[in-house]
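One-based numbering, in listed order, for ligands and for the atoms of each. The figures here come from the full heavy-atom set of this structure, side chains too, leaving out hydrogens, waters and symmetry mates.
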Amino acid sequence: MKIRVLTLFPEMIEPFFSSSIMKRAVKKGIVEYEIINFRDFANNAYNKVDDLPYGGGAGMVIMPDALSLALESIGAKGKRVIFPTPSGRLFTQQDAQRLKEEDELVFICGHYEGIDQRVIDEYVSDEFSIGDYVLTSGETASIVIIDAVFRLIDGVINKDSLSCESFNDKLLEYPQYTRSLRYCSNSVPDVLLSGNHAGITNWRDEMRLKKTMQFRPDMLSDASLSIKMRRKLINITDKEFLEDL
Ligand code: 6GU
């Protein structure tokens, strides 16, 4: 996959591609990237890329000129062009699954009050928000989306870690423990040391249900639970109901 990021702050993006798992994926040739500073495409005296909004209001808006020249330079028309913005549709794991199938992705990082709507109309295929809060810029949001997508590509990370993780079946993950056995006088749950695989699976399933109930009850309503998991959920809620009495 080739990822291109159009930004006014390349120094915010570069470290993500040159560290950790992303660095390895780039080295292996699984992911290619290009960071483009669209200020380089400005053709005015001060390399100005933004201006006041027509109609008034606070802040500055990215002008169409330099940004669209940058987009033209990479033949962005017809490509998957993603514009992260707080006014977009909420980005989900399902979107990440869909995007991982693409050969090329282009990201536009907005700043200030946003970018001129005509560039969005002309080039952008997806407007995504990464959550209900406001960030200063699109760079951090782009990195979040790129991370969620590229880790799903074959060869980037161990397949086993992908198969059983939060959101695959719309439940949160169970808690993990590793050595040492004693830490701050807290011990590891006995079942994990028992060698009883069925017992361990059962405990982990229960923990996933409990955690999801505690932190994301909204996810339970559309989780596609097996009959076995549904029974467990009923058991847990019954138990908690009785404890509350
Ligand atoms: Cl994609 N951008 C910005 N600036 N803020 C956000 C966001 C994106 N998603 C949530 N908040």
Side-chain angles (χ1 to χ4, degrees), residues 1-17 19-22 31 33-39 41-42 48-68 70-71 74 76 79-102 104-153 165-167 170 172 215-216 218-219 222:
M1 177 186 284
K2 171 131 194 183
I3 300 171
R4 292 192 181 88
V5 184
L6 277 61
T7 172
L8 294 172
F9 298 90
E11 68 277 14
M12 284 179 78
I13 305 288
E14 179 59 41
F16 173 66
F17 284 98
S19 328
S20 181
I21 294 176
M22 187 51 127
V31 180
Y33 73 99
E34 188 181 0
I35 303 171
I36 298 162
N37 187 343
F38 60 87
R39 194 182 293 281
F41 292 81
K48 187 177 157 69
V49 289
D50 57 331
D51 210 330
L52 297 165
Y54 280 129
M60 301 292 269
V61 177
I62 306 272
M63 300 186 289
D65 317 53
L67 183 53
S68 46
L71 284 159
I74 56 169
K79 289 193 173 140
R80 202 85 195 219
V81 179
I82 296 158
F83 174 49
T85 164
S87 9
R89 178 166 73 72
L90 192 66
F91 177 77
T92 66
Q93 187 66 20
Q94 229 177 342
D95 295 305
Q97 293 284 3
R98 228 163 11 92
L99 292 179
K100 92 162 215 270
E101 304 299 335
E102 300 282 334
E104 286 182 60
L105 295 177
V106 179
F107 287 83
I108 301 175
C109 303
H111 256 264
Y112 320 117
E113 286 304 303
I115 67 179
D116 190 290
Q117 181 62 36
R118 291 166 293 180
V119 181
I120 300 175
D121 297 341
E122 202 64 18
Y123 292 95
V124 171
S125 58
D126 302 85
E127 292 174 75
F128 287 129
S129 162
I130 61 161
D132 292 339
Y133 40 78
V134 180
L135 306 169
T136 51
S137 72
E139 277 78 7
T140 40
S142 289
I143 289 172
V144 167
I145 297 172
I146 294 167
D147 187 317
V149 172
F150 100 93
R151 65 188 290 287
L152 299 177
I153 298 172
E165 64 184 8
S166 298
F167 295 107
K170 303 209 169 147
L172 303 184
F215 293 129
R216 293 294 306 274
D218 58 299
M219 282 169 60
D222 56 24

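Nearest heavy-atom pair, Ile115 versus Val61, reported as atom, atom and distance to 0.1 Å: C-CG1, 3.7 Å. Residues Phe38 and Leu6 approach most closely at CD2-C, 3.9 Å, considering heavy atoms. Taking both residues in full, the closest heavy atoms of Thr136 and His111 are given as O-ND1, 4.4 Å, listed atom of the first, atom of the second, then distance. In this structure, Ile13 and Cys109 approach most closely via the heavy-atom pair CD1-SG, 4.4 Å.
Remark: among candidates Thr140, Thr85, Ile130, the nearest residue to atom 1 (Cl) of ligand 1 is Thr85, based on non-hydrogen atoms.
Residue-ligand proximity, Pro84 to ligand 1, at heavy-atom distances under 4.0 Å covers atoms 1 (Cl).
Residue contacts with ligand 1, taken as heavy atom pairs separated by less than 4.0 Å, involve Ala141 solely via side-chain atoms from C-beta onward. At a heavy-atom cutoff of 4.0 Å, ligand 1 is contacted by no atom of Asp132, backbone or side chain.
Counting only heavy atoms of the protein, atom 11 (N) of ligand 1 lies nearest to Tyr133 O, 2.5 Å. Remark: minimum distance from atom 3 (C) of ligand 1 to any protein heavy atom is reached at Pro86 CD, 3.4 Å.
Phe128 counts as a contact of ligand 1, since one of its heavy atoms falls under 4.0 Å from the ligand.
In terms of N/O distances under 3.5 Å, ligand 1 is not approached by Thr136. Among the atoms of Leu135, some N or O lies under 3.5 angstrom from an N or O of ligand 1.
When only modelled atom types and interatomic distance are considered, Thr7 and Glu139 share a side-chain donor-acceptor pair under 3.5 Å.
Ring planes of Phe128 and Phe91: perpendicular class, angle over 60° (limits at 30 and 60°).
Lys48 contributes a side-chain N or O that, together with a main-chain N or O of Asp50, makes up a donor-acceptor pair within less than 3.5 Å.
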